[in-house]
Amino acid sequence: MYGNDFGPKITADGDAGDDPALLDGFQRTLDAGDRIEPRDAMPAGYRKTLIRQIAQHAHSEIIGMQPEGNWITRAPSLRRKAILMAKVQDEAGHGLYLYAAAETLGASREELLNLLHDGKQKYSSIFNYPTLTWADMGAIGWLVDGAAIVNQVPICRCSYGPYARAMVRICKEESFHQRQGFEILDTLSRGNPSQHAMAQDAIDRWWWPSLMMFGPPDDQSPNSAQSMAWGIKRFSNDELRQRFVDMIVPQAKILRLALPDPDLRWNAETEHWDFGPIDWAEFFGVLKGDGPCNEQRIAHRRGAHTDGAWVREAALAYADKHVARTAAVA
Ligand code: FAQ
């Protein structure tokens, strides 16, 4: 654990409480554009918000392995299979970095996983949709990883050091993921008519849920204002959603695929692409647990956790043995 190691001593739990000197030190660090580090004093709300967001992010990475893992055995070639396996492993790695970042705030991985398994913490809405065809691997890479990059690049500049640093590597890997999704769709789109139709069908199903990944509209986003004031979020949900649409429209043209929105048009005044209304009732329904795959995703995750208990026990036993041996030699 490390901290900036200047400023006043922090309280036992690291929270600034009402102490004006501690709160002032925290604010000065933010104002200077410096990073808050694990041993720095921070308001309890800042710690709580970070744990909530980082946990949700970590849960999304590991639940996000399921829709793609579903296609590893059915990938159309050995090359595609090797690439998909590497991608799914990357998502597990992202989960690991993020749970480790949350641990620096005092939330253990076990505690956070229990909250996920008990339905007390969220994961991204997008992973409650099914992957019906191989083209969905392309759509996830291009649109879902594409949305993830647009959302996550600004988090590399987030005010909390361990989260910001974890995001640097994650974003590099997500960029590769997006390109592999684009390449899958490009191949299908230029293939025979049924391959092109399969790619188009995937885009038709994944487009709107991808726009929902950025969260509710700004006027219905209870956390945005405070998270932006604390430098956890750098841009609002709607700003990032617009950035994503502006990035994707020209790419869709290159892919020769249509985005399923009759209201999509270039607005010369704003210099952005206008898009049609998002079905927020669907989004909030998915958050409540009514998406097509919510139950399946959580049941599978709980099962994987139970099946993996022996691995955690063996790793702990090995670590204990190692500590005992080192102590005996010393
Ligand atoms: N799904 O007040 P806000 C990926 C919740 S990683 C579910 O606007 P906030 C990689 C929100 O938690 C994808 N819940 O919230 C990959 C809050 O609930 P709470 C995940 C959502 O935090 C690719 C409530 O709604 N990325 O895809 C969603 O300020 C391919 C009110 O919302 C991250 O987590 C949603 N879409 O802004 C893996 C990035 N949106 O907790 C495999 C980091 C909102 O108050 C394959 N997170 N909610 O009960 C963020 O940037 C933010 O947390 C937002 C939400 C923007 C997601």
Side-chain angles (χ1 to χ4, degrees), residues 45 48-71 84 86-95 97-98 101-102 115-116 119-129 131 136-156 158 160 163-164 166-167 170-171 173-178 180-181 206 208-230 232-241 243-244 278 280 282-289 291 294 297:
K48 196 170 154 214
T49 296
L50 274 169
I51 292 175
R52 178 187 64 78
Q53 177 168 323
I54 297 173
Q56 180 191 300
H57 195 163
H59 300 331
S60 304
E61 298 283 358
I62 61 165
I63 296 270
M65 295 166 73
Q66 293 185 34
E68 289 174 294
N70 176 35
W71 277 90
L84 189 59
K87 180 181 191 291
V88 173
Q89 278 183 325
D90 282 353
E91 313 300 358
H94 298 174
Y97 313 150
L98 289 163
L115 290 168
L116 169 67
K120 292 184 179 146
Q121 273 182 345
K122 298 184 171 75
Y123 58 90
S124 183
S125 49
I126 193 80
F127 301 118
N128 291 307
Y129 292 85
T131 42
D136 289 17
M137 299 304 95
I140 290 188
W142 181 46
L143 295 177
V144 177
D145 285 280
I149 296 166
V150 170
N151 169 266
Q152 292 170 19
V153 165
I155 306 178
C156 299
C158 137
Y160 187 58
Y163 191 24
M167 289 318 299
I170 292 179
C171 285
E173 292 178 353
E174 302 288 26
S175 308
F176 169 75
H177 295 171
Q178 199 210 7
Q180 69 84 38
W206 289 92
W208 293 106
S210 303
L211 294 188
M212 294 173 195
M213 283 177 72
F214 294 90
D218 292 351
D219 57 6
Q220 292 174 57
S221 164
N223 301 298
S224 278
Q226 184 60 72
S227 287
M228 287 177 77
W230 276 331
I232 295 172
K233 283 169 92 162
R234 295 285 177 191
F235 299 96
S236 78
N237 299 354
D238 286 332
E239 282 171 322
L240 292 175
R241 193 169 3 253
R243 200 177 274 198
F244 174 67
I278 294 174
W280 291 114
E282 175 180 324
F283 171 76
F284 288 114
V286 172
L287 255 57
K288 270 206 336 250
N294 294 58
R297 298 291 185 237

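It should be emphasised that the depicted structure is a prediction, and the values quoted were computed from it without experimental measurement. When a ligand or atom number is given, it counts from 1 through the structure's own listing order.
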So between [options], whose heavy atom ends up nearest [atom]?
{"atom": "atom 12 (O) of ligand 1", "options": "Arg241, Gln53, Gln56, Lys122", "answer": "Gln56"}
{"atom": "atom 10 (C) of ligand 1", "options": "Gln121, Glu174, Arg234, Lys120", "answer": "Glu174"}
{"atom": "atom 32 (O) of ligand 1", "options": "Pro209, Pro216, Gly215, Ala148", "answer": "Pro216"}
{"atom": "atom 51 (O) of ligand 1", "options": "Asp238, Ile63, Asn151", "answer": "Asn151"}
{"atom": "atom 6 (S) of ligand 1", "options": "Gln152, Gln226, Glu173", "answer": "Gln152"}

Below 4.0 Å, non-hydrogen atoms only: which portion of [X] touches ligand 1? Side chain, backbone, both or neither.
{"X": "Tyr163", "answer": "side chain"}
{"X": "Phe283", "answer": "side chain"}
{"X": "Glu68", "answer": "side chain"}
{"X": "Asn237", "answer": "side chain"}
{"X": "Lys87", "answer": "side chain"}
{"X": "Tyr123", "answer": "backbone"}
{"X": "Val286", "answer": "neither"}

Open item on the list: For the CE atom of Met167 and the CG atom of Asn151, what is their distance to the nearest 0.5 Å?
Closed with: 7.5 Å
Task: Gap separating the OG1 atom of Thr49 from the CD1 atom of Ile54, nearest 0.5 angstrom - done: 10.5 Å
Looking only at distances, please establish whether an N/O atom of ligand 1 is found under 3.5 Å from an N/O atom of [X].
{"X": "Arg52", "result": "yes"}
{"X": "Asn223", "result": "yes"}
{"X": "Glu91", "result": "no"}
{"X": "Ser125", "result": "yes"}

Suppose I only count heavy atoms of [X] and a 4.0 Å limit; which atoms of ligand 1 are within that range?
{"X": "Met212", "result": "36 (N)"}
{"X": "Ser60", "result": "13 (C), 20 (C)"}
{"X": "Lys233", "result": "8 (O), 9 (P), 29 (O), 37 (O)"}
{"X": "Phe214", "result": "56 (C)"}
{"X": "Glu61", "result": "6 (S), 10 (C), 16 (C), 38 (C)"}
{"X": "Met213", "result": "27 (O), 36 (N)"}

Compare all side-chain heavy atoms of [X] with those of [Y] and state whether any distance is below 4.5 angstrom.
{"X": "Ile170", "Y": "Leu98", "answer": "yes"}
{"X": "Leu143", "Y": "Phe244", "answer": "yes"}
{"X": "Leu50", "Y": "Trp230", "answer": "no"}
{"X": "Pro154", "Y": "Leu240", "answer": "yes"}

Closest non-hydrogen atom pair, [X] against [Y]:
{"X": "Ala101", "Y": "Tyr160", "result": "O-CE2, 4.2 Å"}
{"X": "Ala164", "Y": "Cys158", "result": "CB-O, 3.6 Å"}
{"X": "Asp218", "Y": "Asn237", "result": "OD1-N, 3.2 Å"}

Identify the protein heavy atom lying closest to [atom], giving its residue, its atom name and the separation to 0.1 Å.
{"atom": "atom 25 (O) of ligand 1", "answer": "Leu287 CD2, 3.8 Å"}
{"atom": "atom 23 (C) of ligand 1", "answer": "Asp145 OD1, 3.4 Å"}
{"atom": "atom 31 (C) of ligand 1", "answer": "Pro222 CD, 3.7 Å"}
{"atom": "atom 3 (P) of ligand 1", "answer": "Ser221 OG, 3.4 Å"}

Task: Check against side chain to side chain contact (heavy atoms under 4.5 Å, CB included), Ile126 and Met212 - done: CA-CA 8 Å; Ile126 193 80; Met212 294 173 195; over 6 Å; no
Open item on the list: side-chain hydrogen bond (donor to acceptor under 3.5 Å, both in side chains), that's the test. Do Glu174 and His177 meet it? Break it down for me.
Closed with: CA-CA 5 Å; Glu174 302 288 26; His177 295 171; 3.1 Å; yes
Task: Backbone of Gly215 reached by a side-chain donor or acceptor of Arg241 within 3.5 Å - done: yes
Open item on the list: Could you work out, with side-chain hydrogen bond (donor to acceptor under 3.5 Å, both in side chains) as the rule, every residue matching Tyr163, not counting sequence neighbours?
Closed with: Gln53, His57
Open item on the list: Before you tell me yes or no, could you show the steps for Phe214 and Val150 under side chain to side chain contact (heavy atoms under 4.5 Å, CB included), namely the whole-Å CA-CA distance, both residues' side-chain angles and the distance that decides it to 0.1 Å?
Closed with: CA-CA 9 Å; Phe214 294 90; Val150 170; 4.0 Å; yes
Task: Nearest protein heavy atom under 4.0 Å from atom 54 (C) of ligand 1, yes or no - done: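 No, there is no protein heavy atom closer to it than 4.0 Å.
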- [ ] Go through the steps to decide whether Val286 and Phe127 satisfy the test side chain to side chain contact (heavy atoms under 4.5 Å, CB included), and finish with yes or no.
- [x] CA-CA 10 Å; Val286 172; Phe127 301 118; over 6 Å; no
For residues 60-68, which side-chain N or O atoms pair as donor and acceptor with protein atoms under 3.5 Å away, sequence neighbours left out?
{"unit_1": "Ser60", "atom_1": "OG", "unit_2": "Gln56", "atom_2": "O", "d": "2.7"}
{"unit_1": "Ser60", "atom_1": "OG", "unit_2": "Ser124", "atom_2": "N", "d": "2.9"}
{"unit_1": "Glu61", "atom_1": "OE1", "unit_2": "His94", "atom_2": "ND1", "d": "3.4"}
{"unit_1": "Gln66", "atom_1": "NE2", "unit_2": "Arg297", "atom_2": "O", "d": "3.0"}
{"unit_1": "Glu68", "atom_1": "OE1", "unit_2": "Lys87", "atom_2": "NZ", "d": "3.0"}
{"unit_1": "Glu68", "atom_1": "OE2", "unit_2": "Lys87", "atom_2": "NZ", "d": "2.8"}

